[in-house]
K.L.:
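After the structure tokens below, expect a handful of questions from me.
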Amino acid sequence: MELRGINRVVIAVHDIEKSKELYSELLGATFNNANWTGEPFGIEVAISWDAGIELCAPMPGRETSSAVSPFLEANGEGVMSVFIGVSDASAAKERAALAGIEAVHSLDYTQEEIDKHLDGMFRKYEEHNLNSAGKCGFAITLAQIDPK
């Protein structure tokens with residue numbers, strides 16, 4: 001398994017539209033709507049592939065019950081998670097487990113899902129969210145994201 005460096009940081013925010021405006025103005029970042037990934041967790045998601053930023057905010061009406069709500073309550077807005085790029089996500093997940101850090105959520109998109117939701121930008125998209133906050137101070141996601 002080869003490390004590819006940081007893919008992106010996930011920033012918890014209260015208002016996704018205001019945050020997109022801020023990072024667009026500040027960095028010139030372009031954001032893609034990725035709400036389809038966050039709806040089951042009660043969050044709005046926007047990803048800037050060019051800036052390496054993912055914004056997550058509670059969906060309207062879910063301000064206290066979304067997956068990002070506990071982080072916002074405890075810490076306010078800020079970096080919540082870091083995506084680390086790897087050449088083999090399954091091997092990276094196994095390595096993390098051997099180090100005592102288990103995956104709490106995993107996904108591996110089909111090419112059809114990649115084409116539909118990620119504009120066909122990738123040929124492989126697999127990620128494993130680790131329960132690393134207790135040991136590292138933040139969540140780590142191991143991500144194999146292979147461009148086309």
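For the single chain, residues carry numbers from 1 onward in sequence order.
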K.L.:
In terms of ring plane angle, is the pair Trp36 and His117 parallel, tilted or perpendicular, where the classes change at 30° and 60°?
P.N.:
parallel
K.L.:
Tell me if a side-chain donor or acceptor on Ser87 pairs with a main-chain N or O of Met1 at a distance below 3.5 Å.
P.N.:
no
K.L.:
Under 3.5 Å, is there a donor-acceptor pair between the side chain of Ser19 and the main chain of Ile16?
P.N.:
no
K.L.:
Are the side chains of Trp49 and Leu118 in contact, using a 4.5 Å heavy-atom criterion?
P.N.:
yes
K.L.:
CG of Leu27: more than 12 outside heavy atoms within 6.0 angstrom?
P.N.:
yes
K.L.:
So, Phe41 versus His105, ring centres under 6.0 angstrom or not?
P.N.:
yes
K.L.:
What closest approach, in Å, do Val68 and Ala12 show between heavy atoms, and which atom pair accounts for it?
P.N.:
CG2-CB, 3.4 Å
K.L.:
Mind checking whether Tyr23 and Phe31 have side chains closer than 4.5 Å, heavy atoms only?
P.N.:
yes
K.L.:
Roughly how far, to the nearest 0.5 Å, is the CG atom of Leu72 from the CE atom of Met80?
P.N.:
8.0 Å
K.L.:
Where is the tightest heavy-atom contact between Gln144 and Ala89, given as atom of each residue plus distance?
P.N.:
OE1-N, 3.0 Å
K.L.:
Give the cluster check for Tyr109 versus Val86: same hydrophobic cluster or not, with ILVMFWY residues linked at side-chain heavy-atom distances below 4.5 Å.
P.N.:
no
K.L.:
Does atom CZ of Arg95 have more than 12 heavy-atom neighbours from other groups under 6.0 Å away?
P.N.:
no
K.L.:
Is the closest side-chain heavy-atom distance between Glu77 and Ile11 below 4.5 Å?
P.N.:
no
K.L.:
Can you check whether Ile140's main-chain N or O pairs, donor with acceptor, with Ser132's side chain at less than 3.5 Å?
P.N.:
yes
K.L.:
Would you check if Val82 and Thr141 make a side-chain contact, meaning some heavy-atom pair closer than 4.5 Å?
P.N.:
no
K.L.:
Of all heavy-atom pairs between Arg62 and Ser69, which one has the smallest distance, and what is that distance?
P.N.:
O-OG, 3.4 Å
K.L.:
Using a strict 4.0 Å threshold on nitrogen-to-oxygen distance, state whether Asp115 and Lys148 make a salt bridge.
P.N.:
yes
K.L.:
State whether the side chain of Ser81 and the backbone N or O of Ala139 hold a donor-acceptor pair below 3.5 Å, judged by distance alone.
P.N.:
yes
K.L.:
Membership question, hydrophobic clusters at under 4.5 Å side-chain separation (ILVMFWY): are Ile6 and Phe83 in the same one?
P.N.:
no
K.L.:
Within the structure provided, determine whether Phe122 and Asp146 are in side-chain contact (heavy-atom separation under 4.5 Å).
P.N.:
no
K.L.:
Does Val10 belong to the same Ile/Leu/Val/Met/Phe/Trp/Tyr cluster as Ile47, with side-chain heavy atoms less than 4.5 Å apart forming each link?
P.N.:
yes
K.L.:
What closest approach, in Å, do Ala97 and Glu102 show between heavy atoms, and which atom pair accounts for it?
P.N.:
CB-OE2, 3.7 Å
K.L.:
May I ask you to test the Ser48-Lys20 pair for a side-chain heavy-atom distance under 4.5 Å?
P.N.:
no
K.L.:
With rounding to the nearest 0.5 angstrom, report the CD to CD1 distance, Glu127 to Ile84.
P.N.:
13.0 Å
K.L.:
May I ask you to test the Asp108-Lys124 pair for a side-chain heavy-atom distance under 4.5 Å?
P.N.:
yes
K.L.:
With the 4.5 Å side-chain cut-off for hydrophobic clustering, are Leu130 and Leu98 part of the same group?
P.N.:
no
K.L.:
Would you name the heavy atoms of Lys93 and Leu142 that are closest together and state the gap between them?
P.N.:
N-CD1, 3.8 Å
K.L.:
Of the non-hydrogen atoms in Ile145 and Pro147, which two are nearest, and what is the gap between them?
P.N.:
O-CD, 3.6 Å
K.L.:
Establish whether Leu3 and Phe138 are linked, either directly or via other cluster members, by ILVMFWY side-chain heavy-atom contacts under 4.5 Å.
P.N.:
yes
